[in-house]
Amino acid sequence: MEDRVPAALLEWYDGHARAFPWRIAPGSAERPDPYRVWLSEVMLQQTTTAHAAPYFEKFAARWPTVKALADAPEEAVMAEWAGLGYYSRARNLIACAKAVAERGGFPETEEGLRQLPGLGAYTAAAVAAIAFGEAATVVDANVERVVARLFLIDEPLPGARKAIRAAAEDITPRERPGDFAQAMMDLGATICTTRAPKCLLCPLSAPCLARAQGRQSDLPVKARKKERTGRTGTAFWIERNGQVWLVRRPSKGMLGGMRALPDDGWSSRKDGSENAPIPGAWKAGGVVRHGFTHFDLELGLAIYAGEKFGALGEGEWWPIARIEEAGLPTLFAKAALLAMAVE
DNA sequence: TACCCGTGGTT
DNA sequence: TAACCAAGGGT
């Protein structure tokens with residue numbers, strides 16, 4: 001099993017590898033640019049390849065090197081990330097780029113990479129294997145699924161993680177570890193899928209223990225998720241002379257560090273206060289519904305257009321005609337569209 | 001450990 | 001349509 005699996009998988013990968021802008025051909029003697037590997041891996045955390053790909057193209061074109069990214073204005077990087085989600089990734093991306101530029105390049109080992117901000121067990125192993133050829137064991141959700149089925153590990157996640165990692169280590173080859181990691185992920189994404197796995201096309205169907213018992217679709221077993229809650233809040237569209245008032249959210253917490261409309265302090269833990277930032281003749285602008293990972297938000301929109309205002313605090317007037325360039329996260333982009341439709 | 005942190009596609 | 005989930009990391 002330990003020798004047969006990587007050989008069969010790599011042979012399959014040579015003919016079936018997906019093409020991505022951050023990838024080079026399987027079996028290539030060249031190694032991919034560590035910067036591009038790192039950038040893609042961070043973008044791909046909990047994110048589909050289809051969603052991440054255009055962001056990767058934009059970032060790689062605008063900031064072709066880690067030095068260029070490190071020297072970029074932080075606001076520009078955050079705005080370019082808008083819509084991709086999990087904004088702590090962008091904050092860590094900036095911190096990591098600065099650290100790497102400062103030390104003159106990426107660390108070339110899994111252990112060294114693991115020390116960088118935004119690189120956890122998965123990403124450090126992935127960059128080490130793909131960019132530097134280290135035989136690091138890469139475990140993401142795809143690998144967990146493939147390994148749980150291949151070795152019939154039926155203990156529920158997350159408890160099964162230790163056993164899954166141990167099994168994954170046993171089949172990680174010394175040769176082509178980067179291709180092996182990407183092959184495991186391609187297999188999980190295209191053949192060994194969550195629902196309706198295509199076992200007839202699978203290069204690992206022969207050694208697969210779950211397949212032998214017809215239990216492949218039941219693995220891996222997952223613990224039930226916590227129930228989602230509902231929250232309400234209000235966002236405020238303050239308009240003057242074709243401009244709208246935008247603020248920057250605190251760096252920690254929801255949508256941290258992103259440009260936004262002022263709001264009433266809603267969060268995943270509590271509803272908003274409904275208190276407006278300034279007194280005025282507020283007009284109801286409708287409601288935006290937006291689903292976050294663990295709660296649903298019903299965001300009321302209040303609109304006020306005028307000439308004179310009281311003190312608004314920290315923020316900036318932004319031309320409404322160029323609102324798309326503000327880099328608003330999706331929730332506030334929706335609210336802005338609604339406000340502009342109401343006007 | 002359990003929870004927080006986005007988004008958009010699929011069933 | 002409500003639920004699930006995708007190349008996870010930080011705390």
Side-chain angles (χ1 to χ4, degrees), chain A residues 17-18 20 22-23 36-56 78 81-93 95-96 113-131 136-146 156-159 161-162 168 178 180-190 192-196 217 220 222-231 249-258 260 267-270 289-297 327-334:
Chain A
R18 293 178 292 171
F20 293 118
W22 50 85
R23 249 187 204 179
R36 293 168 66 88
V37 173
W38 162 73
L39 179 60
S40 66
E41 289 300 341
V42 173
M43 288 183 169
L44 288 164
Q45 290 165 5
Q46 294 287 287
T47 305
T48 58
T49 54
H51 193 192
Y55 283 84
F56 176 84
M78 298 303 291
W81 196 275
L84 197 52
Y86 285 139
Y87 298 98
S88 66
R89 291 186 294 173
R91 301 194 296 273
N92 284 330
L93 191 81
C96 183
L113 289 159
R114 183 69 180 77
Q115 305 307 314
L116 295 169
L119 280 84
Y122 163 76
T123 308
V127 175
I130 298 169
T137 301
V138 178
V139 182
D140 75 325
N142 287 301
V143 175
E144 283 182 350
R145 186 168 57 254
V146 171
L157 289 170
R161 294 244 154 84
K162 190 173 294 180
F180 176 78
Q182 294 176 95
M184 288 286 278
M185 294 189 278
D186 277 20
L187 189 76
T190 62
C192 195
T193 48
T194 304
R195 287 177 294 269
S217 293
K222 295 189 178 179
R224 261 193 56 191
K225 293 199 171 175
K226 213 179 100 175
E227 254 180 70
R228 292 163 62 88
T229 56
R231 294 289 176 208
R249 296 178 64 81
S251 61
K252 292 189 176 181
M254 296 284 310
L255 311 176
M258 301 300 288
S267 73
S268 60
R269 310 258 177 125
K270 63 174 178 33
R289 292 173 214 287
H290 190 75
F292 291 100
T293 308
H294 52 291
F295 72 102
D296 292 307
L297 178 67
L328 296 176
T330 301
L331 169 68
F332 293 111
K334 286 182 186 174

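Below, chain A is the first sequence line, B the second, and so on; all start at residue 1. What you see is a predicted model; the values in this text were computed from it and never measured.
If you check every strand for non-hydrogen atoms under 4.0 Å, Arg18(A) touches a base. Residue Leu84(A) is classed as a base contact, given a heavy-atom separation below 4.0 Å to a base. Across all strands, Phe20(A) comes closer than 4.0 Å to base atoms (heavy-atom distances). Here Arg195(A) lies in heavy-atom contact (under 4.0 Å) with sugar-phosphate atoms only. When heavy atoms are screened at a 4.0 angstrom cut-off, Trp22(A) is found touching base atoms of the nucleic acid.
If you check dC5(B), dC5(C), dA7(C) against the side chain of Tyr86(A), the one that comes closest is dC5(B). Counting only heavy atoms from C-beta on, Tyr122(A) has its side chain closest to dG9(C) among dG9(C), dG10(C), dC5(B). Minimum atom distance to the side chain of Tyr87(A) is reached by dT7(B), of the listed dT7(B), dC5(C), dA7(C). In the set dC3(B), dA7(C), dC5(C), dC3(B) carries the atom at the smallest distance from any side-chain atom of Lys226(A). Of the candidates dG10(C), dG6(B), dA6(C), the closest approach to any side-chain atom of Arg145(A) belongs to dA6(C). Of all nucleotides listed (dA7(C), dT7(B), dC5(C)), dA7(C) comes nearest to the side chain of Ala141(A). Counting only heavy atoms from C-beta on, Thr123(A) has its side chain closest to dG9(C) among dG6(B), dG9(C), dT7(B). The side chain of Thr330(A) approaches dT7(B) more closely than any other nucleotide in the set dT7(B), dA6(C), dA7(C). Distance from the side chain of Arg114(A) is smallest for dG10(C) among the nucleotides dA7(C), dG10(C), dC5(B).
Mapping Lys222(A) and Leu119(A) onto DNA chain C by nearest heavy atom places Lys222(A) closer to the 5' end of the strand. Nearest-nucleotide positions on DNA chain C for Pro117(A) and Arg23(A) put Arg23(A) closer to the 5' end.
By the side chain to side chain donor-acceptor pair (under 3.5 Å) test, Arg89(A) is found to be paired with Thr47(A), residues two or more places apart in sequence or in another chain being considered.
Proximity of Ser268(A) to the phosphate of dC5(B): a side-chain N or O atom is located under 4.0 Å from OP1 or OP2. Neither OP1 nor OP2 of dC5(B) sits under 4.0 Å from any side-chain N or O of Lys252(A). OP1 or OP2 of dG8(C) has not a single side-chain nitrogen or oxygen of Gln45(A) nearer than 4.0 Å.
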Where do Glu41(A) and Tyr122(A) land on the side-chain hydrogen bond (donor to acceptor under 3.5 Å, both in side chains) test, with the steps shown first? CA-CA 9 Å; Glu41(A) 289 300 341; Tyr122(A) 163 76; 2.5 Å; yes
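At a cut-off of 3.5 angstrom, counting only N and O atoms as typed in the model, there is no donor on one side facing an acceptor on the other between the side-chain of Thr47(A) and the base of dG8(B). The base of dG6(B) sits with one of its N or O atoms less than 3.5 Å from a complementary donor or acceptor on the side chain of Thr293(A).
Note: His290(A) and Phe292(A) meet the aromatic proximity criterion, with ring centroids under 6.0 Å apart.
Within a 6.0 Å radius of CZ in Arg289(A), no more than 12 heavy atoms belonging to other residues, nucleotides or ligands are found.
From Leu44(A), atom CG reaches atom CH2 of Trp22(A) across 4.5 Å, with rounding to the nearest 0.5 Å.
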